[in-house]
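Note: hydrogens, waters and symmetry copies are ignored here, and every other heavy atom, side chains too, is used.
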Amino acid sequence: MSDARVGLVIEDDHDIRELVRTVLSQAGFDVSVASSGAEGVLVAKTLNPDVITLDLGLPDIDGFEVSRQIREFSDAYIVMLTARTEELDTLIGLESGADDYLTKPFRPRELRARIAAMMRRPRSVADPADAMPGDAAADGGAAHPERGNFSHNGLELSYASRTVVVDGKEMNLTRTEFELLHALLEAGRTVRTKSDLVRRLRDEDYDVGSYISEADERSVEVHMGNLRKKLGDSPQKPRWLQTVRGVGYRLAPGEH
Ligand code: CA
């Protein structure tokens, strides 16, 4: 099937590589694999995958560096698979551009759920192969009339075209960053808690009461930090992303 989505597994451990390959295949992806970091970067460049699972401990270059290199040219959904449980590692991983992480051993259905949630979000319309029937991008966002176009302090976001323009310049955001920014624009001056935002990224309703760990909340902080850097926003004098200490985030007031 030519319109199947492409998955890439970057993993040097044979058993884990085959397990993840199976999970992605069953989820409908055309799967390629790479057993080193350099090979992974090369394959990512060639195949433009939608989803990449990335082992942190690779024989040549580590997963952090692989993620940084892939982010130079790709907006793939990157899930880091890490054997290390240190929180610092996962945070560095997210800072290097990964969207999410799972600690080994992980449950295959957890990986499936994370990927399914993220794949419900279309990529940019510049990639028509991504516009699957039923996706918001395929029908111009008509399925979500409440989502649409936002304009705030020189920033324009279009949900249908997945674009963000700041002072006339188009921003290159990951899906996770786009989703967080969209959530804040939608909420206006209402505060979104970190738990709210974690649920948003997992495509759950805000009020389902599912368990959100401290690490999950910290990951939102890291993504917000990355987003702030890309937008050139200041934590002290925010144009868009205002931190509400100990709670979460909201949109900064409008400039007049
Ligand atoms: Ca490894």
Side-chain angles (χ1 to χ4, degrees), residues 3-84 89-124 126-127 129-130 132 162 172-179 201-203 219 222-223 226 230:
D3 62 348
R5 294 184 174 191
V6 175
L8 170 61
V9 181
I10 306 176
E11 169 70 67
D12 63 325
D13 182 293
H14 175 270
D15 292 348
I16 298 174
R17 193 165 64 229
E18 290 311 306
L19 169 66
V20 178
R21 184 211 288 271
T22 303
V23 170
L24 289 180
S25 296
Q26 286 171 350
F29 288 86
D30 275 348
V31 189
S32 292
V33 298
S35 55
S36 73
E39 187 192 353
V41 173
L42 200 67
V43 176
K45 218 172 245 173
T46 314
L47 295 182
N48 186 27
D50 299 281
V51 166
I52 298 172
T53 72
L54 177 57
D55 177 30
L56 195 52
L58 291 162
D60 53 347
I61 45 177
D62 70 29
F64 303 135
E65 182 55 27
V66 174
S67 176
R68 267 181 224 114
Q69 291 187 19
I70 289 176
R71 273 292 174 248
E72 298 284 315
F73 57 84
S74 169
D75 69 344
Y77 174 58
I78 301 178
V79 192
M80 272 189 355
L81 300 179
T82 169
R84 313 184 206 178
D89 282 333
T90 60
L91 295 179
I92 294 171
L94 300 174
E95 271 165 10
S96 66
D99 291 280
D100 211 342
Y101 64 90
L102 284 174
T103 306
K104 296 173 192 169
F106 58 89
R107 290 171 303 166
R109 71 186 164 99
E110 181 67 20
L111 176 60
R112 256 198 304 273
R114 298 281 180 94
I115 290 172
M118 194 47 68
M119 294 316 291
R120 282 195 282 276
R121 314 183 196 302
R123 286 165 94 173
S124 71
D127 192 354
D130 251 4
M132 308 279 278
R162 308 291 291 182
N172 187 15
L173 304 184
T174 65
R175 291 180 206 223
T176 299
E177 291 156 0
F178 183 92
E179 210 55 39
L201 293 177
R202 299 206 180 140
D203 212 17
S219 71
V222 176
H223 287 307
N226 290 344
K230 283 193 188 174

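Within the 4.5 Å cutoff, side-chain heavy atoms of K230 are placed close to those of T174. In this structure, the side chains of E11 and T53 stay at 4.5 Å or more apart for every pair of heavy atoms. With contacts defined as side-chain heavy-atom distances shorter than 4.5 Å, the pair F29/V9 does not qualify. Counting heavy atoms from C-beta on, the side chains of L56 and Y101 never come closer than 4.5 Å. Side chains of I10 and I70 form a contact here, defined as non-hydrogen atoms less than 4.5 Å apart. For the pair L102 and L111, the minimum side-chain heavy-atom distance is below 4.5 Å. A 4.5 Å side-chain heavy-atom check between Q69 and I61 finds at least one atom pair inside the cut-off. With contacts defined as side-chain heavy-atom distances shorter than 4.5 Å, the pair L58/S36 does not qualify.
Contact detail for A117 and R202: the closest heavy-atom pair is CB-O, 3.3 Å. The shortest non-hydrogen separation linking A98 to S67 is N-OG, 3.4 Å. E177 approaches L173 most closely through the heavy-atom pair OE1-CA, 3.5 Å. Across every non-hydrogen atom of L94 and S219, the tightest pair is CD1-CB, 3.1 Å. The two residues D12 and G57 have their closest heavy-atom pair at OD1-O, 3.3 Å. G63 and L54 get closest at one heavy-atom pair: O-CD2, 3.4 Å.
Within the 3.5 Å criterion, the main-chain N or O of L42 finds a donor-acceptor partner in the side chain of T46. Of the possible polar contacts, one joining the H223 side chain to the D99 backbone as a donor-acceptor pair under 3.5 Å is found. R21 contributes no side-chain N or O that, together with a main-chain N or O of L8, makes up a donor-acceptor pair within less than 3.5 Å. Remark: side-chain polar atoms of R71 are paired, donor with acceptor, to backbone N or O of S74 under 3.5 angstrom.
The neighbour count for D60 CG, taken as heavy atoms of other residues, nucleotides or ligands under 6.0 Å away, is above 12.
The distance from the OG1 atom of T82 to the CG atom of D55 is 8.0 Å, given to the nearest 0.5 Å. Here the OG-CG distance, from S96 to D62, works out to 8.5 Å after rounding to the nearest 0.5 Å. Atom-to-atom distance recorded for I78:CD1 and D100:CG is 11.5 Å, nearest 0.5 angstrom. Between the CD atom of E95 and the CZ atom of F64 there is a distance of 9.5 Å, given to the nearest 0.5 Å. To the nearest 0.5 angstrom, D203 atom CG is 7.5 Å from E179 atom CD. Between atom OG1 of residue T176 and atom CG of residue L201 there is a gap of 5.5 Å, rounded to the nearest 0.5 Å.
In this structure R17 satisfies the salt bridge (charged side-chain N to carboxylate O under 4.0 Å, His left out) test with no other residue, sequence neighbours excluded. Qualifying side-chain contact (heavy atoms from CB on, under 4.5 Å) partners for V6, counting only residues two or more places apart in sequence or in other chains: L47, P49, D50.
For the pair E72 and R68, the salt-bridge criterion is not met [side-chain N within less than 4.0 Å of a carboxylate O].
For residues 35-45, no pair satisfies salt bridge (charged side-chain N to carboxylate O under 4.0 Å, His left out), with sequence neighbours left out.
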